[in-house]
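Worksheet: the structure to be examined is printed underneath.
Here the structure is a predicted model, which means the values were calculated and not measured. Values below: every heavy atom of this structure, side chains too, minus hydrogens, waters and symmetry copies. Letters go in sequence order (proteins before strands), and every chain restarts at 1.
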Amino acid sequence: MSPLNIKQGSTSHSAYDLRDPYAEVIEAHTLAVIVDNEPGVLARVIGLFSGRGYNIESLTVAETDHTGHLSRITIVTRGTPQIIAQIKAQLARIVPVHDVHDLTEEGPSVQRELALFKVAGKGEHRIEALRLAEIFRAHVVDSTLESFVFEMTGTPEKIDSFAELMRPLGLREIARTGVAALSRGL
Amino acid sequence: MTQAMTGARMVVQALKDQGVEVVFGYPGGAVLPIYDEIFQQNDIRHILVRHEQGAIHMAEGYARSTGKVGVALVTSGPGATNAVTGLVDALMDSIPLVVLTGQVPTFMIGTDGFQEADTVGITRPCTKMNWLVKDTANLSSTIHQAFHVARSGRPGPVLIDIPKDVQFATSDYVVKEKIKTGHYQPKLKGDIDQITRLVEMIETAERPILYTGGGVINSGPAASQLLRELAEATGFPVTSTLMGLGAYPASGKNWLGMLGMHGLYEANLAMHGCDLMINIGARFDDRITGRLKDFSPNSRKAHIDIDASSINKVIRVDVPILGDVGHVLEDLLRIWKSRGRKVNKEGLAKWWAQINDWRAVKCLTYKNSTSIIKPQYALERLEALTKGMDRYITTEVGQHQMWAAQFLGFEDPNRWMTSGGLGTMGYGLPASIGVQIAHPEALVINVAGEASWLMNMQEMGTAMQFRAPVKQFILNNERLGMVRQWQELLHGERYSQSWSESLPDFVKLAEAFGCKGIKVSDPKDLDDAILEMIRYDGPVIFDCLVEKHENCFPMIPSGKPHNEMLLGDADTQGVIGAKGAVLV
């Protein structure tokens, strides 16, 4: 949260930029980067983050427009407002980058991640795991007598909390896709 | 009409279509088909270098002195890796280059083949953009696109990696008018509202300063003209970064000299004390700002830059203007004139009085000697004896570079070639050859230190072979002068590895290369020696033995703000704290 307790992302809809430009507050931003689907483009984007010391919390990429030959990279990153602005400017000047959207700043957005959990256990633990999976709307996609694989889609926070609950119940492995995000509305 | 041809021929055809006249390069196994095509034509001249790093610096010198795109051609593996330093140098200083590298055939890529290196992987962070062309059908369009990318927006080096089988294979040539330059079309015009805001500030500012950089020169000669017009019409003082020297003439009455770590006292204090800073095509580099917290604390700042990532990167500005310097200055002048050409005359008069007080300090004063040549004196004489000539200056990196920037005057853009951002020792000699190839009749002087000069001295062979009469003006102190200066100021005078023993006899070295060598050590002989150098019709290695322990002043020590400059040796006791010592 900013020092003024203004919700992140609300500023672009205000007539004034209410954030303190010098604030050392670390914010998480979700960026959607539209790029040419060509070899080396992802390496250029990732190289920018490692070369300039920026964080990547999550990164997903796939072709989203086959005829237009475009891919969408969704990056969750953290930094002060100045660093975030700099990341966006640096991304935008990469030649094969078409567009950079800051979903956190541009208004409300939906963020989803898919995760698979392998949970091993017998007896009470196994039943408890199933019960919690139901509450979290996770699906069983594989089952043996001693294990389940659950599939779940949700926000990263939801996946984190489910993982926490599964840990004492025999959580063995997690696979996560990273965040995919779209702005709400048109 | 499409025309089928081999990839190798396509390369030569595409270069011709892009108006390329000179290619700097070095052959090798993976580029032999292209060299075969070069052999069979006369439109493009090839300059054979002695090391691939030299090829890139020559292309840089060519590009910076002409405003055109420089082109280099090197082979795979070591050819490409040797080019890396030059690529980063061009990237940091925004120099447009197209570099072509050979690659092992596509079916061998990834097998650790002979002279194979992951060239696009290695050079990705060293280029504005690079491509590995795997299909001859894409080769000509990629080359045309490469030229578009290199020269558009903030210029920079691009690289095309061409496997040998792609050079042999045949496909249809795509003419340059047919290619899609795609979405990459950087914005040239600035936002009129922001420009108007800046005009309003110009009308009222009491203590304004124009802080100009390499962007003015990259924008083209018209931008320099507009800058001059702006400065004359408003009466605002002008300072410049190392990269921007010559955009505003050194003889101009508003000229304060270079700013920054070794910039002039009046320029740095004006930056510190101004109330309106107009950054035109510069980037608030750390050599300029000193301690960020105390950088020009009481000014409103405007920044004109074509690269959005340069704006608000380290210094927060009040008026960001994204656009090409020439286009923005044109709009700025038009709006300012239409609103009645207003400036704060009273404020400006006081401001100039203050600046003249600072000028009176005469910060470039040094103690001359009758027995030994002071490096500053050598440059003063060089300036006096070459002033008014059709002159181009390149430099290596170090003390001599800063003295050259302080003591030589530049009246026009594109006359001063120096490695600013990367600080590449070994830049000046090959760059001077590139400049001379572009301007065969001009006087081209590389102001050098002996240590830097040795880093690429093999290129004297290139100068001889292609009759480039470059003058190598070496200020020889038998030391790594700038390293030595920092060790004196920061490391308790422990001169670790900062001297050069076993230096060559530069006169004999000149003879060995077949050019002229001149050695001078007595100040009385200096003028005659310089005149002899200028008059000699061919390359000269000029060995000027200078004071060995001279320090370069003024100096803003690392971690200090602009108003804490050192003006001479007497100021230096204990000035750099532990915090400053970790900075470079």
Side-chain angles (χ1 to χ4, degrees), chain A residues 11 15-17 19-25 31-54 64-65 67-73 77 79-102 105, chain B residues 88 91 94 106 109 118-135 138 142 145-146 148-161 180-187 283-284 292-293 303 305-318 320 322:
Chain A
T11 55
Y16 303 97
D17 190 347
R19 289 172 308 163
D20 175 3
Y22 297 102
E24 289 299 307
V25 183
L31 309 178
V33 188
I34 313 301
V35 302
D36 284 329
N37 183 18
E38 276 169 14
V41 178
L42 182 62
R44 234 171 223 283
V45 169
I46 293 171
L48 169 72
F49 280 77
S50 64
R52 292 184 185 265
Y54 306 138
T64 49
D65 177 355
T67 46
H69 215 51
L70 295 176
S71 289
R72 183 180 177 107
I73 303 175
T77 183
T80 61
Q82 194 179 2
I83 294 282
I84 299 287
Q86 183 61 202
I87 290 173
K88 288 187 280 185
Q90 292 286 356
L91 283 169
R93 78 176 182 145
I94 295 176
V95 173
V97 168
H98 287 239
D99 236 329
V100 180
H101 292 287
D102 185 340
E105 207 168 270
Chain B
V88 183
L91 185 70
S94 311
T106 49
I109 290 176
D118 175 9
T119 302
V120 284
I122 291 168
T123 61
R124 197 168 283 127
C126 312
T127 52
K128 186 174 171 185
M129 184 61 194
N130 62 8
W131 298 266
L132 168 65
V133 180
K134 286 182 169 169
D135 185 344
N138 300 329
T142 304
Q145 203 194 344
H148 169 71
V149 170
R151 62 164 84 95
S152 306
R154 180 173 174 178
V158 301
L159 180 143
I160 310 171
D161 202 24
K180 284 176 274 179
T181 49
H183 66 279
Y184 186 72
Q185 304 290 353
K187 198 165 148 268
R283 61 182 176 90
F284 294 110
L292 287 174
K293 189 160 69 67
H303 188 178
D305 206 301
I306 198 155
D307 176 8
S309 72
S310 281
I311 297 174
N312 288 332
K313 183 169 67 178
V314 286
I315 297 289
R316 185 97 192 170
V317 296
D318 305 281
L322 182 63

- Task: Not counting sequence neighbours, list each pair that qualifies as a salt bridge (charged side-chain N to carboxylate O under 4.0 Å, His left out) and has a residue in residues 306-315 of chain B.
- Result: A:R93-B:D307, B:R154-B:D307
- Item | Spacing of CG belonging to A:L70 relative to NE2 belonging to B:H183, to within rounding of 0.5 Å | 9.0 Å
- Top contributor to chain B contacts, counting heavy-atom pairs under 4.5 Å, from A:H98, A:R44, A:E38: A:R44
- Query: Can you tell which of A:L91, A:I87, A:D36, A:V97 has the highest number of heavy-atom pairs within less than 4.5 Å of chain B?
  - Reply: A:V97
Using heavy-atom distances under 4.5 Å, tell me whether [X] contacts chain B through its side chain, its backbone, both, or neither.
{"X": "A:D99", "answer": "neither"}
{"X": "A:P96", "answer": "both"}
{"X": "A:A43", "answer": "both"}

- For chain A, which of B:N130, B:I311, B:V158, B:V120 has the most heavy-atom pairs under 4.5 Å? B:N130
- Item | Closest approach of A:A89 to B:S309 (non-hydrogen atoms, all atoms of both residues) | CB-CA, 3.4 Å
